[in-house]
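A short write-up of the structure that comes next.
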Amino acid sequence: MKNVVSAVCVKCGAEYEATPNVTTCKKCGGILDIKYDYNYIKSQVSPSVMSDRRDNSMWRYKEFLPVEGTSKVPKLRVGWSPFYEEKRLAEQLGIAKLYVKDDGINPTGSLKDRASAMAVVKAEEAGRTTIACSSTGNAASSLAGNAAAAGYETFIFVPERAPKGKVAQLMMFGAHVISVKGSYEDTFRLSAEAIDRWGWYNRNAAINPYLMEGKKTVSLEIAEQLNWKMTDYVAISVGDGCTIGGVWKGFKDLYAAGFIDKLPKIISVQAEGCHPLNRAIEEGKDWYPMEENTLADSIAVGVPRNPDKALNAIRESKGLVINVSDEEILAAMRLLGRTCGVFAEPAGATGTAGVKKGIEKGMIPKDATIVSVVTGSGLKDVNNAIKAAGEPMAIEPDMDILLEAFKKGGILL
Ligand SMILES: *Cc1c(COP(=O)(O)O)cnc(C)c1O
Ligand SMILES: [Zn+2]
């Protein structure tokens with residue numbers, strides 16, 4: 001990998017060769033970050049060359065990715081998700097410009113596909129054929145789908161509360177699924193032991209530094225879709241902290257390579273019932289565990305696995321932290337559905353809920369430009385979608401009864 005220099009520990013700065021198997025720091029246990037040679041990248045590609053490419057997937061950014069030139073590009077089309085300017089929603093919220101990046105359209109329905117596609121490539125480079133992870137749901141279903149497409153075996157550990165839609169995906173993609181009677185924390189611990197014991201390739205995002213490099217492609221796309229002119233803010237929902245870390249890494253890479261001349265402030269949105277990382281910023285202290293009390297299952301993470309990179313993204317970008325209630329998340333799901341035609345799962349709409357709240361509270365100035373990333377599809381969690389949107393009118397097949405129902409529902413035709 002001519003573009004990659006090393007894997008650097010974010011805690012102690014120790015540097016390691018970026019082999020496909022590299023995990024955490026041998027000296028201090030810290031998480032590693034992939035370091036690039038930006039001069040080399042600049043010598044290989046420019047923004048205009050990039051924008052002329054026909055490859056409408058995350059692999060259009062190969063100069064910014066830690067993969068061997070000889071590695072096979074996976075078959076499923078991950079990335080290059082739609083990017084919408086939402087004029088009516090911006091007007092409704094009273095903000096200058098608002099864009100929605102819909103990552104729910106990825107092959108398995110979430111932003112996690114970007115990391116899982118990377119995991120499959122790195123597993124192949126490492127010569128492994130079995131991949132494992134623990135997940136609140138989406139990392140699992142995306143690993144299972146991307147691995148199935150490439151012919152790999154998967155072992156997946158999920159907490160028993162994972163929504164049915166996500167578990168159905170796992171079963172459909174032929175994964176070995178272990179539903180753990182316990183919290184996400186318990187699930188993670190058991191998966192780590194099993195991975196050690198059987199030597200599977202590890203797709204646990206905080207352990208494997210390459211996954212964040214996959215996730216960062218969402219930022220590369222946002223910048224390109226903005227014609228390399230960055231917005232003031234980018235809002236994202238946060239659980240383990242790998243996604244927000246990846247989002248920040250993507251913008252920093254582009255900035256270092258001279259593709260953009262401004263870095264956005266990152267808005268970290270968490271649930272009121274589970275916001276250990278935002279609390280650390282609010283209190284100006286280190287993070288400590290919190291209860292997992294929210295219906296947004298994908299971000300119900302009381303013990304975040306990637307706190308260092310997440311807190312760094314917020315602090316370094318001079319970003320904001322915003323906590324939203326479950327009611328505000330359900331309202332944001334309705335708003336995205338009804339104003340934008342975008343169907344988000346609760347954690348997928350959480351970023352937008354934070355944007356709305358941030359504007360209302362005056363934390364985000366009215367003349368700001370913002371990107372809100374929708375991280376997962378609403379079809380994954382139909383129960384909460386119905387909770388947000390309600391039930392349909394159910395009637396007998398009779399015109400008089402239909403008229404009556406319309407009148408009762410306030411539909412005047
Ligand atoms: C995983 C996930 C997140 C949060 O990502 P983290 O890396 O855990 O912070 C947000 N939304 C959805 C839909 C997710 O699946
Ligand atoms: Zn270290």
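When reading the values below, keep in mind they use all heavy atoms of this one structure, side chains included, and skip hydrogens, waters and symmetry mates. Indexing begins at 1, ligand by ligand and atom by atom, following the structure's order.
In this structure, Lys215 counts as a contact residue of ligand 1, since one of its heavy atoms falls inside 4.0 Å of the ligand. In this structure, Ile244 does not count as a contact residue of ligand 1, since none of its heavy atoms falls inside 4.0 Å of the ligand. In this structure, Val238 has a heavy atom closer than 4.0 Å to ligand 1.
When each of Thr129, Asn208, Thr130, Thr154 is tested with Tyr201 by the rule side chain to side chain donor-acceptor pair (under 3.5 Å), just one qualifies, namely Asn208.
Ranking the protein heavy atoms by distance from atom 8 (O) of ligand 1 puts Asp240 N, 2.8 Å first. Ranking protein heavy atoms by distance to atom 12 (C) of ligand 1, first place goes to Thr375 OG1, 3.3 Å. The nearest heavy-atom contact from the protein to atom 5 (O) of ligand 1 is Thr243 OG1, 2.7 Å. Of all protein heavy atoms, the one closest to atom 10 (C) of ligand 1 is Ser237 OG, 3.2 Å. The nearest protein atom to atom 14 (C) of ligand 1, hydrogens excluded, is given as Lys112 NZ, 2.9 Å; this is a heavy-atom distance.
Counting the atoms of ligand 1 from 1 in the order shown, those under 4.0 Å from a heavy atom of Ile299 are 3 (C), 4 (C), 10 (C). Using a 4.0 Å cut-off to heavy atoms of Gly376, the atoms of ligand 1 that qualify are 13 (C). Of all atoms in ligand 1, numbered sequentially from 1 with element shown, those under 4.0 Å from a heavy atom of Glu345 are 13 (C). Close approach of ligand 1 to Cys242 (heavy-atom distance below 4.0 Å) involves ligand atoms 6 (P), 7 (O), 9 (O).
Checked for salt-bridge contact, Arg114 and Glu213 miss the test: no charged N lies under 4.0 Å from a carboxylate O.
When Ala139, Ala347, Gly241, Gly239 are checked for heavy-atom proximity to atom 4 (C) of ligand 1, Gly239 turns out nearest.
Contact annotation: for Ser110 versus ligand 1, there are no heavy atoms closer than 4.0 Å.
Under 3.5 Å, the side chains of Ser298 and Lys166 contain a donor-acceptor pair of N or O atoms. Remark: the Ser116 side chain and the Ser142 side chain contain an N/O donor-acceptor pair separated by less than 3.5 Å.
Although no hydrogens or angles enter the test, the distance criterion places no donor-acceptor pair under 3.5 Å between the side chain of Asp113 and the main chain of Asn146. Judged by distance alone, with hydrogens and angles left aside, the side-chain atoms of Asp240 form a donor-acceptor pair with the main-chain N or O of Arg305 at under 3.5 Å.
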Take Val218 and Asp103, measure what side-chain contact (heavy atoms from CB on, under 4.5 Å) needs, and give me the verdict at the end.
CA-CA 8 Å; Val218 72; Asp103 247 47; 3.9 Å; yes
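The line from CD1 of Ile34 to OG of Ser6 is 8.0 Å long, rounded to the nearest 0.5 Å.
Classification of the Phe259-Trp228 ring pair by plane angle, with boundaries at 30° and 60°, yields perpendicular. Relative ring orientation between Phe83 and Tyr99 is described as parallel, the plane-to-plane angle staying below 30° on a 0-90° scale split at 30° and 60°.
Rounding to the nearest 10°, we obtain 120° for the angle at the Zn ion (ligand 2) between Cys28 SG and Cys12 SG.
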